[in-house]
Amino acid sequence: MDFQPVKGTRDFYPDAVRVRNWLFDTWRRVAARNGFEEYDSPIVEYLDLYTAKSGEGIVSELFHLTDRGGRDLAIRPETTPALARMVNARINSLPRPIKWFCIQRLCRAEKPQRGRSREFFMWNVDVIGADSTLADAECVFTAVDFLREVGLGPDDVQVRIGSRPLVIARLRAAGVAAARIDAALLALDKRPKVTQDEFEKLARGAGLTAEQTREICGFLDADPRAALDEMRCDEAMRPHVERVDELLAALEAMGAGDYCTPDWHIVRGLAYYTGIVYEAFDAAGSVPRAVAGGGRYDNLLEALGGPKVGATGFGMGDVVLGILLDQKGKIPPEATARALEYFVIDGDASRRTAVLETVGRLRRAGLSADFSYAGRPLGKQLKDADRRGARRALILFADGTAAVKDLATGEQHDTTVEALLDA
RNA sequence: GUGGAUGUAGCUCAGUUAGGUCAGAGCACCUGGUUGUGGUCCAGGGGGUCGGGGGUUCGAAUCCCCUCAUCCACCCCA
């Protein structure tokens with residue numbers, strides 16, 4: 001029998017777990033300093049939670065199962081519906097704004113490829129109970145704060161900010177019927193990825209006339225900030241323009257302006273987004289997928305049986321991010337280094353018991369310590385120490401003295417176990 | 001779900017074109033180079049039914065068919 005990992009899943013050997021832990025630690029640290037608290041939800045939910053509002057895209061990729069009571073369940077493919085469920089359950093007792101984050105393992109049954117696996121981790125950061133654009137700004141800032149933390153600058157990654165209501169208003173102004181808006185948005189999303197001919201075909205397929213397509217292209221291809229200025233004069237557009245203005249101004253004030261740029265192509269695939277939306281991309285374009293994405297979803301809590309409460313947030317997956325970090329060489333050496341403090345060695349077979357005693361004392365004092373099981377020559381034990389990734393070797397000599405050797409520099413000096421414990 | 005490419009040791013690959021010492025290399029791993037010092041070096045060793053199954057042939061990693069898996073693109077999405 002030859003067993004393989006299930007399609008689209010990954011094994012994490014210790015070196016990969018070290019990198020993953022570094023990533024999670026960084027996510028947690030950044031979320032915490034931005035004022036978000038960690039929560040978590042179950043790995044399975046009732047299927048209905050997702051079929052209700054997430055949209056066809058998610059539902060078609062669900063891993064679903066039936067429990068022994070005949071209930072339809074799904075392995076969570078995203079976090080947001082469960083977050084909405086949890087918040088709805090306590091909406092009257094939670095102080096607002098609710099600023100929560102989580103790091104979750106998610107599953108989607110899509111075809112695995114570069115940047116996409118069937119099991120992955122996502123960092124989710126949300127603000128619930130605030131209609132202010134400052135909530136969106138905080139989410140974008142948190143994403144940018146993380147990118148900067150790991151050494152990705154504005155030349156590496158750009159957050160492209162769009163506005164669904166703004167684009168919808170623009171489409172309506174061009175005479176696009178309400179029923180065709182969703183299809184038109186999908187076509188717009190493809191605009192940067194296809195040729196003019198292909199785009200025109202997509203637009204035709206979405207039910208736009210040649211005239212409407214020309215008008216939309218004029219809008220999309222113009223400088224986004226200039227388009228913003230132009231629309232500011234239009235009474236119907238103004239509220240949406242002002243939200244974008246406020247967001248960009250807030251990000252500028254917080255010092256994240258250089259990471260952000262308006263881009264009306266960004267409309268997002270999930271059905272529940274209602275307002276400002278954004279995606280973070282590799283600026284060089286060598287990673288073709290969004291590193292992170294999010295936006296405002298003001299109707300989701302209500303749609304899941306709660307009150308009408310404004311909400312906004314983003315998700316960042318580990319797969320695309322991992323490719324980008326790897327490509328840019330941004331995974332620091334300390335993320336891959338092992339952290340064994342002492343490797344205790346006997347300089348003579350008579351000290352074997354002393355090695356055990358010393359290892360025990362170090363460990364009980366909270367210091368990491370390891371040793372060789374087999375009695376071996378000193379040189380071999382040092383080799384073991386090196387291969388176990390120890391920072392220092394502690395050598396116990398036959399005459400009762402001890403020395404600590406820094407394995408990186410080779411420096412060695414006499415010491416006692418007591419001195420190490422006091423240090 | 002659709003199309004394309006690829007599957008030889010843990011990893012990176014050679015060998016497949018014209019079937020016959022073709023089961024190999026480097027790295028990794030283990031052991032030794034012995035009794036007070038590692039990361040170098042030297043020697044030795046373990047490990048692959050050549051993705052799996054069937055077929056053609058005296059003979060198949062090599063040719064044919066099927067299948068599985070992986071990767072890439074589409075779709076959708078983080």
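Keep in mind the model is a prediction, meaning the values are calculated, not measured.
Nucleotide B:C27 forms a pair with B:G10, judged by Watson-Crick or G-U wobble geometry with both contacts under 3.5 Å. In this structure, B:U37 makes no Watson-Crick or G-U wobble pair, since no nucleotide meets both defining distances under 3.5 angstrom. Across the strands present, B:G48 finds no partner; the criterion is a Watson-Crick or G-U wobble pair with both atom distances under 3.5 angstrom. A 3.5 Å limit on both hydrogen-bonding distances identifies no Watson-Crick or G-U partner for B:U17. Across every strand in view, B:U57 sits unpaired, with no contact that passes the Watson-Crick or G-U test at under 3.5 angstrom. Across all strands shown, the partner of B:A5 is B:U70, judged by Watson-Crick or G-U wobble contacts whose two distances both fall under 3.5 Å.
Counting non-hydrogen atoms under 4.0 angstrom, A:T80 reaches nothing in the nucleic acid. Counting non-hydrogen atoms under 4.0 angstrom, A:R118 reaches nothing in the nucleic acid. Heavy atoms of A:F120 sit under 4.0 angstrom from at least one base atom. The residue A:G8 sits close only to the backbone: its heavy atoms come under 4.0 Å of sugar-phosphate atoms, none of a base.
A cation-pi arrangement is not found for A:R108 relative to A:F120, the charged atom failing to lie both closer than 6.0 Å to the ring centre and inside a 45° cone about the ring normal. Judged by the 6.0 Å distance and 45° axis criteria, A:R392 is positioned over the aromatic ring of A:Y342.
Taking the P atoms as reference points, B:U49 lies 15 Å from B:U62, given to the whole Å. Here, B:C50 and B:G24 have their C1' atoms 11 Å apart, quoted to the whole Å. Straight-line distance between the P atoms of B:C64 and B:G46: roughly 36 Å, to the nearest whole Å. B:A28 and B:U40 are spaced 8 Å apart, taking the P atom of each and rounding to whole Å. Rounded to whole Å, the C1' atom of B:G45 lies 14 Å from the corresponding atom of B:A9. Taking atom P on both nucleotides, B:C72 is separated from B:U16 by 28 Å, rounded to a whole Å. When the C1' atom is compared between B:G32 and B:C22, the two are found 31 Å apart, to the nearest whole Å. B:C76 and B:G10 have their C1' atoms separated by 35 Å, with the value rounded to a whole Å.
Within 6.0 Å of CD in A:E302 there are more than 12 heavy atoms belonging to other residues, nucleotides or ligands. Surrounding CZ of A:R180 are at most 12 heavy atoms belonging to other residues, nucleotides or ligands under 6.0 Å away. Counting non-hydrogen atoms of neighbouring residues, nucleotides and ligands closer than 6.0 angstrom, the CZ atom of A:F12 exceeds 12 such neighbours.
Under the ring pair (Phe, Tyr, Trp, His ring centres under 6.0 Å) criterion, no residue pair touches residues 376-423 of chain A, with sequence neighbours excluded. Pairs engaging residues 355-365 of chain A under the side-chain hydrogen bond (donor to acceptor under 3.5 Å, both in side chains) rule: A:R361-A:E418 [sequence neighbours left out].
Using a 4.0 Å cut-off on heavy atoms, none of the residues of residues 144-162 of chain A approach RNA chain B.
Residues A:S163 and A:V277 have side chains not in contact (no heavy-atom distance under 4.5 Å, counting atoms from C-beta outward). By the 4.5 Å heavy-atom criterion applied to side chains, A:L394 and A:T415 are counted as neighbours.
For A:D40, the side-chain hydrogen bond (donor to acceptor under 3.5 Å, both in side chains) partners two or more places apart in sequence, or in a different chain, are A:Q104. For A:F24, the ring pair (Phe, Tyr, Trp, His ring centres under 6.0 Å) partners two or more places apart in sequence, or in a different chain, are A:W27, A:F121.
Distance A:I266 CD1 to B:A78 P: 11 Å, rounded to the nearest Å. The CZ atom of A:R116 sits 12 Å away from the P atom of B:C72 (whole-angstrom rounding). When rounded to the nearest whole Å, the span between CZ of A:F281 and P of B:C77 equals 12 Å. In this structure, A:F121 atom CZ and B:C77 atom C1' are separated by 18 Å, rounded to whole Å. Whole-Å rounding puts the A:E119 CD to B:C77 P distance at 22 Å. To the nearest angstrom, P of B:C76 lies 17 Å from OH of A:Y272. Atom CG of A:L62 and atom P of B:C77 are 14 Å apart (whole Å). Remark: C1' of B:A78 and CZ of A:R105 are 16 Å apart, rounded to the nearest angstrom.
By the 4.0 Å N-to-carboxylate-O rule, A:R105 lies close enough to A:E119 to be salt-bridged with it.
Close to B:C30, at under 4.0 Å from its OP1 or OP2, lies a side-chain N or O of A:R387.
The residue among A:G315 and A:T9 whose nearest nucleotide of RNA chain B lies closer to the 5′ end is A:T9.
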Open item on the list: For nucleotides 33-39 of chain B, give me one character per nucleotide, 5' to 3': B if any protein heavy atom sits under 4.0 Å from the base, S if the only such contacts are to the sugar-phosphate, - if neither.
Closed with: B--BBBB
